[in-house]
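These notes concern the structure reproduced below.
Nothing fancy with the numbering, it's 1 onward along the sequence. Basis for what follows: all heavy atoms, side chains included, without hydrogens, waters or symmetry-related copies. Each ligand, and each atom within it, is numbered from 1 in the order the structure gives.
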Amino acid sequence: MYSEENMKVCKFGGSSVKDALQIKKIVNIIKADEDRKVIVVSAPGRDEIHDEKITDHLLNLATNGEHFENQKLFISIDESKFAIIKKFEKLCDDLKIDKKFIVDYLKKDLENCKLKGDERKAFFLSRGEHFNSKVITAYMNSVGLKTKLMLPEEFGFILSDCLTNGKVNSKTHENIQNAFTFKENEVYLVPGFYGVNEKNQIAVMSRGGSDLTGGELAYALDADIYENWTDTNGVYNVDPRVVSEAKVIPRLTFKELRLLSSKGFNVFHFNAMLNCKKSKIPINIRNTNNPVHEGTLILSERVPMEDLVGIAKLDNMASIHIQKDMLGEEIGFSAELLKIFGEFGINTYHYPTDKDDIAILVDQEDLKGKINNLRRQIEKRLKTNEVNVNYNISILTLVGIGLRQNSFAIVDAITALKEKNIPFEMFDMSPSKISFHIGVSQNVSDIALKTLKEELL
Ligand SMILES: Nc1ncnc2c1ncn2[C@@H]1O[C@H](COP(=O)(O)OP(=O)(O)O)[C@@H](O)[C@H]1O
Ligand SMILES: N[C@@H](CC(=O)OP(=O)(O)O)C(=O)O
């Protein structure tokens with residue numbers, strides 16, 4: 001018998017809800033365990049016909065084609081609109097649910113929207129989750145699974161700061177507790193990724209934000225576990241798209257997953273574990289296409305059997321190298337430098353420093369259209385001798401709580417690269433001592449990753 005004590009929050013990502021076949025699989029998963037009471041769904045992901053996610057087509061529409069143009073993908077706004085409408089029509093047809101009610105509203109939202117700027121962007125971005133949740137709720141009820149749709153704008157999933165990169169407001173937790181009462185024996189279905197601000201305008205979180213919705217629900221409702229269903233058997237020790245011999249990691253700590261996902265393991269949003277970590281709610285990453293696999297379990301602690309558990313790779317990084325005699329002796333130099341990056345809205349990753357030099361690692365996408373002004377500001381305000389930018393760097397991040405006891409894996413990593421004659425651009429150990437970073441040129445990053453995996457994992 002279901003008891004609220006054992007309640008599970010399940011998030012199904014875009015790959016798990018991309019078409020009717022996948023939606024039927026998730027319904028079987030939900031039916032297989034009556035504790036799966038709160039279900040979060042994403043917008044349809046990439047499928048066999050479309051290489052782009054529905055969310056990207058929506059963003060393309062909202063930005064008048066700029067989104068794909070920037071990626072040198074020539075998909076017009078008409079093509080995006082056609083792809084979105086066709087996707088939802090086909091979902092309804094294949095699942096045998098009333099299409100009129102969903103597709104008419106979708107068309108109305110896309111065609112009659114009078115919003116401008118970020119308001120328009122956030123509204124369009126949210127439509128994939130909004131309409132997919134309606135489709136899935138209708139289908140679940142049609143197959144006898146009593147399901148209640150819980151829309152963020154109705155129960156109050158409040159986001160603050162910015163309409164296109166909202167942060168969860170603490171009022172959200174109280175609103176969730178008030179709305180999700182579990183009085184009726186029904187499953188709650190929630191669209192991920194979006195919410196509303198205090199003025200009731202639609203806002204979205206950062207990309208991949210449905211993971212965040214699941215994390216917030218699990219935390220507010222004190223779930224027994226947060227199951228995150230995707231299209232791989234769990235978290236692999238290296239990106240399985242780069243290294244085919246990658247293996248699933250059975251157990252990880254919250255901290256290990258956070259370090260790995262912020263440095264390239266994009267299987268789980270790096271902020272989605274924060275509240276679960278606080279309340280010690282385990283997260284289980286599992287495969288919708290292979291539900292018998294136990295997946296990866298994320299916990300507060302684990303017994304470290306090995307020094308390293310995973311190696312992440314982050315491409316398209318740039319290093320901004322700044323030289324000035326005695327900068328290391330100038331009080332406030334680094335603070336002012338980081339402030340300048342902040343003013344340009346550029347996130348900074350690592351900053352190896354020395355007496356007369358400092359390098360700042362950034363995502364090179366963030367420098368687009370800004371680098372000349374940024375350089376001018378640094379030179380003017382900090383009176384630097386030289387500012388040089390080195391593009392196309394990859395950061396390899398090696399993570400494992402066992403490194404605290406045995407940091408010699410670092411030596412093995414460097415030796416392995418030396419034996420393959422792979423030079424490195426940067427090296428840095430994190431203060432927590434459970435990760436270190438090696439920067440290499442992007443053209444050797446795949447081979448560097450394979451080498452490190454073979455020698456160390
Ligand atoms: N270390 C890793 N382990 C598992 N998957 C990874 C890893 N690194 C990158 N990925 C990629 O993450 C994908 C799952 O994330 P995503 O596409 O966002 O899923 P979803 O559609 O479920 O939200 C996998 O298909 C895989 O290609
Ligand atoms: N659909 C949103 C939110 C999300 O979490 O998607 P996914 O589960 O496919 O990563 C995005 O593409 O960013």
Side-chain angles (χ1 to χ4, degrees), residues 10-19 22-23 25-26 29 39-47 50-60 67 84 87 121-122 124-133 152 164-166 190-195 203-216 227-250 252 256-257 259-272 285-290 293 295-296 298 309-315 396-399 446 449 453 457:
C10 306
K11 178 257 174 175
F12 292 94
S15 55
S16 301
V17 288
K18 65 179 183 180
D19 58 25
Q22 292 304 95
I23 292 173
K25 287 184 196 169
I26 78 157
I29 291 169
I39 312 299
V40 177
V41 294
S42 285
R46 299 178 184 90
D47 62 21
H50 301 101
D51 288 341
E52 312 307 324
K53 292 173 160 193
I54 288 298
T55 308
D56 287 290
H57 281 295
L58 288 160
L59 186 54
N60 200 40
H67 176 59
I84 299 161
K87 165 57 71 183
K121 220 189 226 182
F124 271 63
L125 277 167
S126 71
R127 296 301 87 185
E129 273 72 12
H130 181 83
F131 286 101
N132 216 18
S133 67
T164 53
N165 188 10
V190 190
F193 184 44
Y194 82 92
V204 292
M205 296 179 274
S206 50
R207 293 300 303 271
S210 299
D211 287 342
L212 298 166
T213 308
E216 298 304 326
E227 292 182 341
N228 192 284
W229 293 83
T230 182
D231 63 347
T232 62
N233 280 340
V235 181
Y236 283 80
N237 52 7
V238 282
D239 188 334
R241 292 166 299 185
V242 182
V243 185
S244 52
E245 306 82 40
K247 286 206 171 67
V248 174
I249 309 170
L252 275 174
E256 285 170 326
L257 179 63
L259 291 172
L260 289 164
S261 55
S262 61
K263 297 287 160 44
F265 276 21
N266 50 16
V267 58
F268 191 70
H269 194 294
F270 56 87
N271 282 335
I285 315 253
R286 299 187 60 172
N287 191 349
T288 296
N289 304 318
N290 187 16
H293 196 289
T296 300
I298 323 294
V309 276
I311 308 174
K313 178 168 80 79
L314 199 58
D315 290 332
L396 299 159
T397 303
L398 296 86
V399 176
D446 283 359
L449 181 66
K453 195 244 158 230
L457 290 175

- Item | For Thr55, atoms of ligand 2 separated by under 4.0 Å from a heavy atom | 1 (N), 2 (C), 11 (C), 12 (O)

- Any Gly192 heavy atom less than 4.0 Å from ligand 2: no

- Message: Show the atoms of ligand 2 that are less than 4.0 angstrom away from any heavy atom in Gly14.
- Response: 7 (P), 8 (O), 9 (O)

- Message: Any heavy atom of Gly208 closer to ligand 2 than 4.0 angstrom?
- Response: yes

Between the protein and ligand 1, are there any N or O atom pairs that come within less than 3.5 Å of each other, and if so, what are their names and distances?
residue	atom	partner	partner atom	Å
ligand 1	1 (N)	Tyr236	O	3.1
ligand 1	3 (N)	Tyr236	N	2.9
ligand 1	19 (O)	Thr230	OG1	3.2
ligand 1	21 (O)	Gly14	N	3.2
ligand 1	21 (O)	Ser15	N	2.8
ligand 1	21 (O)	Ser15	OG	3.0
ligand 1	22 (O)	Ser15	OG	3.2
ligand 1	22 (O)	Thr230	OG1	2.7
ligand 1	23 (O)	Lys11	NZ	3.4
ligand 1	25 (O)	Asp231	OD1	2.7
ligand 1	25 (O)	Asp231	OD2	3.3
ligand 1	27 (O)	Arg241	NE	3.2

- Query: Do Thr55 and Phe193 come within less than 4.5 Å of each other through their side chains, counting heavy atoms only?
  - Reply: yes

- Message: Regarding ligand 2, does Lys11 bring an N or O atom to under 3.5 Å of one of the ligand's N or O atoms?
- Response: yes

- Query: Nearest protein heavy atom to atom 6 (O) of ligand 2, by residue and atom, and its distance?
  - Reply: Ser42 OG, 3.5 Å

- Query: Counting from 1, what ligand 2 atoms have a heavy atom of Phe193 closer than 4.0 Å?
  - Reply: 2 (C), 3 (C)

- Exactly one of Asn237, Ile249, Val243 clears side-chain contact (heavy atoms from CB on, under 4.5 Å) with Leu457, and that residue is Asn237

- Message: Distance under 4.0 Å to a non-hydrogen atom of Arg207: what atoms of ligand 2 satisfy this?
- Response: 11 (C), 12 (O), 13 (O)

- Message: For Thr296, run the side-chain contact (heavy atoms from CB on, under 4.5 Å) check against Asn228, Val248, Asn233 and tell me which one passes.
- Response: Val248

- Residue among Ser261, Ser262, Ser206 satisfying side-chain hydrogen bond (donor to acceptor under 3.5 Å, both in side chains) with His269: Ser206

- Item | Option nearest atom 1 (N) of ligand 2 (shortest heavy-atom distance, choices Met205, His269, Glu129) | Glu129

- Does Asp211, backbone or side chain, put an N or O under 3.5 Å from an N or O of ligand 2? no

- Sequence neighbours excluded, the answer for side-chain hydrogen bond (donor to acceptor under 3.5 Å, both in side chains) partners of Ser16 is Thr288

- Can a salt bridge be assigned to the pair Arg207 and Asp56 using a cut-off of 4.0 Å between side-chain N and carboxylate O? yes

- Note on the structure: So the atoms of ligand 2 within less than 4.0 Å of a heavy atom of Gly13 turn out to be 8 (O)

